[in-house]
Amino acid sequence: MKESCGVIGVFNVRNALKVLYLSLFSLQHRGQESCGIVVSDFKKVSIHKGMGLVEEVFSELNFENSKGAFGIGHVRYSTTGCSSERNIQPFVVNYKGKTYAIAHNGNLTNSYSLRKELEDEGTLFQSTLDTEVIMHLFLKSKKENFIEKLIDALKKLQGSYALVIFTPEGIYGIKDPNGFRPLCLGKLDNGYIVSSESCTFDLVGATYIREIESGEILFINNQGLKSYCLPRKKISRCIFEFIYFARPDSKVFGRSVYVTRKKLGETLGKELPFKGDIVIPVPDSGNIAALGVARKLKIPLEMGFIRNHYVGRTFIKPLPASRELGVKIKLNVIPEVIRNKNVLVVEDSIVRGTTSTLRIKEIRKAGAKKVYMAVSCPPIKHPCFFGIDFPSKKELIASDKNSEEIRKIIGLDGLYYLSLEGMLSSISLPTEEFCTSCFTGHYPVEIIDFKGKEQFEK
Ligand code: SF4
């Protein structure tokens with residue numbers, strides 16, 4: 001599973017280019033295919049973009065002398081539109097002699113019909129991004145002023161979007177009315193910063209103010225902050241941000257990811273029908289839930305898997321025949337921790353089940369007596385259309401198999417998934433304000449024409 005993107009925007013800060021560059025580092029986990037920055041000193045706009053990691057793309061950047069005071073940035077993993085140079089964000093246009101740019105985290109679920117309508121009217125598209133649709137809708141709106149045009153365009157969208165928009169006068173931070181993806185506001189220097197996650201603020205020395213509300217349009221310029229509202233819809237925050245995607249040192253939707261992830265582990269520990277001699281997490285994403293499980297069960301937490309941190313994006317995915325080797329390169333087992341023990345492995349989620357199967361094999365080889373697995377979310381049975389790259393329904397192991405069948409396939413002595421109620425009760429936000437579609441199949445918005453919808457559902 002991959003997160004679709006991370007966005008960042010700053011206004012009235014000392015060295016916007018440097019702040020944006022550092023901020024993108026903190027959001028790198030949300031997208032590793034490409035990244036970009038658009039920055040301005042109110043006179044000149046500079047655009048920096050490229051395919052690759054932040055470190056690679058901006059290695060030549062001289063930001064120490066940059067005078068830029070505001071700008072936006074983006075890290076991308078493609079969920080809509082292919083991975084190519086023309087799809088790198090921020091997406092930039094020149095309109096009536098001025099530069100506008102937009103960066104998007106999420107997925108529109110009606111972008112193809114909107115795109116078709118626009119193309120039928122003669123609009124030329126430069127990219128295959130759903131984000132470009134937003135820009136055209138906005139620029140083509142017949143409304144009088146900027147904010148009215150923006151609201152007019154946003155009202156036509158369905159699906160998920162956390163946006164930052166660059167204009168000659170300032171920046172916008174916008175969250176869709178369902179509030180699927182996180183976006184928060186902080187204070188920096190004499191200005192402000194908006195980011196997908198609050199870990200950015202720690203890195204650049206900003207102070208967290210608050211989460212941007214679902215359906216809020218926040219404009220930041222020389223006069224300060226101004227907030228507008230889109231018509232209300234059912235709030236549907238992505239619960240997976242807490243389970244897996246967001247960094248544990250972040251606050252998302254106004255709540256600490258670390259505290260929540262640990263609580264998910266504690267609830268899991270409370271529900272578990274079995275117990276081992278030791279708890280071992282699958283690093284890194286299972287670490288904090290495992291801490292909660294171990295604490296609840298009062299058994300030791302051991303680091304039985306060691307992760308190789310130098311295997312990343314550039315690692316060429318092994319062919320099925322060498323998949324075992326691929327798993328071993330990423331994670332290695334310490335036999336001294338595992339030998340002759342009843343081991344309780346904590347995973348954040350099971351998607352296809354293939355990697356888990358190989359990991360469990362390694363634990364058995366290392367001499368475990370019994371191997372159990374506890375998963376800190378319910379079975380994932382349905383695809384996501386709101387900005388997370390899930391495999392198709394056919395590839396999701398839980399889409400047509402029950403826990404007992406999955407236990408046998410993975411080769412476990414026991415398998416337990418956190419209940420839906422347990423998961424929702426672990427987060428200190430109203431339970432009805434979460435999206436849980438990948439577990440339940442009940443989608444909070446209509447999936448009108450997501451490209452490949454049929455393929456995802458098969
Ligand atoms: S379907 Fe799952 S991953 Fe997608 S937004 Fe909803 S909770 Fe998040």
Side-chain angles (χ1 to χ4, degrees), residues 1-7 29-31 77-80 104-111 130 157-163 175-183 196-197 211-212 214-215 233-247 250 252-255 257 260-261 264 285 289 347-352 375-399 417-427 429-448 450-453 455-457:
M1 279 180 296
K2 298 254 171 60
E3 173 66 77
S4 57
C5 297
V7 296
H29 60 291
R30 298 182 75 90
Y77 175 79
S78 53
T79 49
T80 302
H104 175 197
N105 172 208
N107 254 104
L108 303 183
T109 53
N110 63 342
S111 67
D130 54 354
L157 308 180
Q158 292 263 26
S160 67
Y161 55 90
L163 301 173
K175 200 193 272 196
D176 69 74
N178 297 102
F180 283 104
R181 308 255 73 91
L183 191 65
S196 293
E197 292 186 33
E211 182 73 11
I212 291 177
S214 303
K233 288 188 186 170
K234 184 188 177 307
I235 297 178
S236 311
R237 304 177 180 104
C238 172
I239 205 157
F240 242 99
E241 293 283 349
F242 287 113
I243 296 163
Y244 174 74
F245 299 121
R247 270 176 48 162
S250 281
V252 294
F253 306 125
R255 298 293 181 275
V257 176
T260 308
R261 222 167 260 178
L264 286 165
S285 48
E347 266 277 24
D348 53 79
S349 52
I350 300 176
V351 181
R352 291 183 177 88
V375 187
S376 62
C377 72
I380 303 168
K381 299 181 176 197
H382 306 273
C384 172
F385 299 106
F386 311 120
I388 304 301
D389 180 45
F390 269 28
S392 66
K393 186 163 178 170
K394 194 173 65 191
E395 291 172 285
L396 293 167
I397 192 168
S399 69
Y417 288 92
L418 180 62
S419 67
L420 189 68
E421 302 69 38
M423 174 180 73
L424 290 166
S425 71
S426 304
I427 308 172
L429 281 164
T431 56
E432 66 283 5
E433 293 185 357
F434 277 108
C435 171
T436 54
S437 312
C438 45
F439 310 113
T440 61
H442 303 305
Y443 293 96
V445 299
E446 199 187 347
I447 316 298
I448 297 174
F450 187 88
K451 193 188 176 194
K453 178 176 175 260
Q455 181 203 326
F456 270 113
E457 284 177 337

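Residue indices begin at 1 and follow the sequence shown. We count ligands from 1, going down the list as the structure has it; atoms in each ligand are counted the same way.
Between the side chain of E197 and the backbone N or O of R247 there is at least one donor-acceptor pair closer than 3.5 Å.
Remark: ligand 1 atoms within the under-4.0 Å shell around heavy atoms of S437 are 1 (S). Heavy-atom proximity to I388, at under 4.0 Å, picks out these atoms of ligand 1: 3 (S).
Heavy-atom neighbours of K381 NZ from other residues, nucleotides or ligands within 6.0 Å: at or below the threshold of 12.
Here the protein heavy atom with the shortest distance to atom 4 (Fe) of ligand 1 is C384 SG, 2.3 Å. Looking only at heavy atoms of the protein, atom 1 (S) of ligand 1 is closest to C438 N, 3.5 Å. Regarding atom 6 (Fe) of ligand 1, its nearest protein heavy-atom neighbour is C435 SG, 2.3 Å. Considering only non-hydrogen protein atoms, atom 8 (Fe) of ligand 1 sits nearest to C238 SG, 2.3 Å.
Taking the six-membered ring for Trp, F240 and F180 have ring centres at least 6.0 Å apart.
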**Asked** Can you check side-chain hydrogen bond (donor to acceptor under 3.5 Å, both in side chains) on D130 and S111, steps first, answer last?
**Response** CA-CA 6 Å; D130 54 354; S111 67; 4.8 Å; no
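Between E211 and P182, some side-chain heavy-atom pair lies under the 4.5 Å cut-off.
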